[in-house]
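Single-structure report; data block below.
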Amino acid sequence: MQHFFVEPSQIQGNRIHITGADVNHIRNVLRMHPGEEISVSNGTDGRDYRCEIDTIGEDEVLCRLMFIKEDGVELPVRITLFQGLPKADKMELIIQKAVELGVYEIVPVATSRCVVKLDEKKAKSKVERWQTISEAAAKQSKRAVIPQVQAPMSMKAALDYAAQMDKAAIPYELAEGMQATDRFVEEVRKLAAQSNGDTIPQVGIFIGPEGGFTEEEIALAQEKAVAPVSLGRRILRTETAGLAILSVLMFQLEERSAEPEEEQ
Ligand code: SAM
């Protein structure tokens, strides 16, 4: 089923007004017709609005809301990836894959060993580009929300932000053993299980750039109760590490209640 994002204001009662580039996509690319069904998200509430196309005009496709799927595709925990600014265009790959894996928000972090230095003007255009990557990946993976890519933060500001979250960890290649990692994953699972739906738990993950984190940055993280955790005995590239821990969390958190009991 085709999936589209609209602004919340375009959902009015049981009428959904699709405008802009999606109109041409529906008319001329997908060649859809009235009566066909599509799914729509407003990018923020995590709901999946299932609609039927009513009329296809030049500038607007009018849809009739059929029903709303509450238990959409979003993870029960909002994961923020604090990504040390990587070299070249790795950030685009990281964003695309993190969105597919269910990340909620991405914060680029200018850590001490980042080779890339972004001034305000460069950062603004980079974030605009990265946000389009996020939106395209959200559409392709039929996410109900479009993960936000925030403006780059310093490590201190990022840690202060993470301190407001329910839990955060900093994968560190010099962390000893997997016990802290297991503890972190278990605590995230518990947060999801205890969540009553009104407030969605928030979790932060810090990934260093190619040069990794300095000892001072790790110490600062520990002061803010951000636990260093190992992702195994191998050194992962910066573009692999975030996706590795996101895959573990996605697997642990993915909805299973709807599945039929397996035959024993
Ligand atoms: N400076 C490190 C070195 O050369 O040994 C490599 C840093 S690695 C390329 C980039 C980031 O990935 C690290 O800052 C860390 O966040 C994460 N990372 C990579 N391998 C890891 C591992 N085995 N355990 C935990 N984190 C890891």
Side-chain angles (χ1 to χ4, degrees), residues 75 77-118 123 126 130 133-134 147 149-150 152-163 165-189 202-253:
L75 293 176
V77 169
R78 287 179 170 167
I79 302 172
T80 295
L81 173 63
F82 293 95
Q83 175 63 50
L85 281 168
K87 293 178 195 163
D89 55 0
K90 286 180 197 171
M91 192 61 152
E92 297 191 9
L93 174 87
I94 293 166
I95 290 168
Q96 184 186 62
K97 301 311 171 199
V99 169
E100 291 170 47
L101 287 167
V103 82
Y104 180 76
E105 174 187 42
I106 295 162
V107 177
V109 185
T111 69
S112 311
R113 291 183 185 157
C114 285
V115 171
V116 173
K117 306 288 181 207
L118 295 177
K126 279 283 185 193
W130 292 337
I133 301 281
S134 173
V149 180
Q150 304 297 355
M153 289 185 190
S154 67
M155 184 67 173
K156 184 181 176 319
L159 285 168
D160 289 342
Y161 182 26
M165 297 178 176
D166 296 284
K167 195 80 199 139
I170 183 163
Y172 183 42
E173 60 280 6
L174 301 181
E176 286 291 314
M178 296 300 283
Q179 296 83 349
T181 318
D182 290 341
R183 253 194 324 276
F184 171 68
V185 172
E186 186 48 31
E187 283 159 5
V188 173
R189 270 171 57 93
Q202 282 189 287
V203 167
I205 302 284
F206 284 76
I207 298 295
E210 290 85 352
F213 290 112
T214 63
E215 283 179 19
E216 296 72 23
E217 288 168 334
I218 296 295
L220 192 60
Q222 286 177 295
E223 278 171 32
K224 303 270 183 188
V226 177
V229 295
S230 170
L231 297 182
R233 287 164 295 168
R234 294 154 301 283
I235 299 293
L236 309 179
R237 288 177 180 273
T238 185
E239 62 269 32
T240 312
L243 306 182
I245 184 72
L246 277 171
S247 300
V248 167
L249 292 178
M250 179 275 287
F251 182 75
Q252 292 288 338
L253 295 170

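Note that ligands are numbered from 1 as they come in the structure, with each ligand's atoms numbered from 1 the same way.
Looking at atom 13 (C) of ligand 1, its nearest protein heavy atom turns out to be Glu173 OE1, 3.3 Å. For atom 11 (C) of ligand 1, the closest heavy atom belonging to the protein is Gly208 O, 3.4 Å. Distance from atom 15 (C) of ligand 1 to its nearest protein heavy atom, with residue and atom name: Pro171 O, 3.2 Å. Nearest protein neighbour of atom 24 (N) of ligand 1, counting heavy atoms only, is Leu231 N, 2.8 Å.
The atoms of ligand 1 that sit less than 4.0 Å from any heavy atom of Gly211 are 1 (N). Those atoms of ligand 1 that come under 4.0 Å of a heavy atom in Tyr172, given as number and element, are 24 (N), 25 (C), 26 (N). Residue Ser230 approaches ligand 1 through these ligand atoms, each under 4.0 Å from one of its heavy atoms: 24 (N), 25 (C). Close contacts of ligand 1 with Phe213, meaning ligand atoms under 4.0 Å from a residue heavy atom, involve 14 (O), 16 (O). For ligand 1, the atoms closer than 4.0 angstrom to any heavy atom of Ile207 are 16 (O). Taking every non-hydrogen atom of Ile235 and a distance limit under 4.0 Å, the qualifying atoms of ligand 1 come out as 5 (O), 6 (C), 20 (N). For ligand 1 and Gly232, the ligand atoms under 4.0 Å from any heavy atom of the residue are 22 (C), 23 (N).
Of all non-hydrogen atoms in Ala98 and Leu243, the two that sit nearest each other are N-CD2, 3.6 Å. Listed here is the closest heavy atom pair of Pro152 and Leu118: CG-CD1, 4.3 Å. Nearest approach of Gly84 to Cys114, heavy atoms of both residues: C-SG, 4.1 Å. Taking both residues in full, the closest heavy atoms of Ser134 and Val149 are given as CB-CG2, 4.2 Å, listed atom of the first, atom of the second, then distance. In this structure, Pro108 and Gln150 approach most closely via the heavy-atom pair CD-O, 3.0 Å.
At a heavy-atom distance under 4.0 Å, only backbone atoms of Glu210 (N, CA, C or O) approach ligand 1. If you look at Ala241 next to ligand 1, the close heavy atoms, those under 4.0 Å, all belong to the side chain.
Gln222 and Tyr172 are not linked by any side-chain donor-acceptor pair at a separation below 3.5 angstrom, with hydrogens and angles left out of the test. For the residue pair Arg78/Gln202, the side-chain donor-acceptor check at 3.5 Å is not satisfied. No hydrogens or angles considered: a donor-acceptor pair under 3.5 Å links the side chains of Thr238 and Gln83.
Here the shortest heavy-atom distance to atom 9 (C) of ligand 1, taken over Ile170, Ile218, Leu236, Ile245, belongs to Leu236. When the heavy-atom distances from atom 23 (N) of ligand 1 to Arg233, Arg234, Gln83, Glu239 are ranked, the shortest goes to Arg234.
Residues Tyr104 and Val99 fail the side-chain proximity criterion, which asks for heavy atoms closer than 4.5 Å.
Using a cut-off of 4.0 Å between Lys/Arg side-chain N and Asp/Glu carboxylate O, Arg113 and Glu210 are scored as not salt-bridged.
By the 4.0 Å heavy-atom criterion, Ala175 is excluded from the residues contacting ligand 1. Remark: distances from the non-hydrogen atoms of Val229 to ligand 1 include one below 4.0 Å. Ligand 1 has Pro209 within reach: a non-hydrogen atom of the residue lies less than 4.0 Å from it.
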- [ ] Any chance you could lay out the salt bridge (Lys or Arg N to Asp or Glu O under 4.0 Å) test for Glu239 and Lys97, step after step, and finish with the verdict?
- [x] CA-CA 9 Å; Glu239 62 269 32; Lys97 301 311 171 199; over 6 Å; no
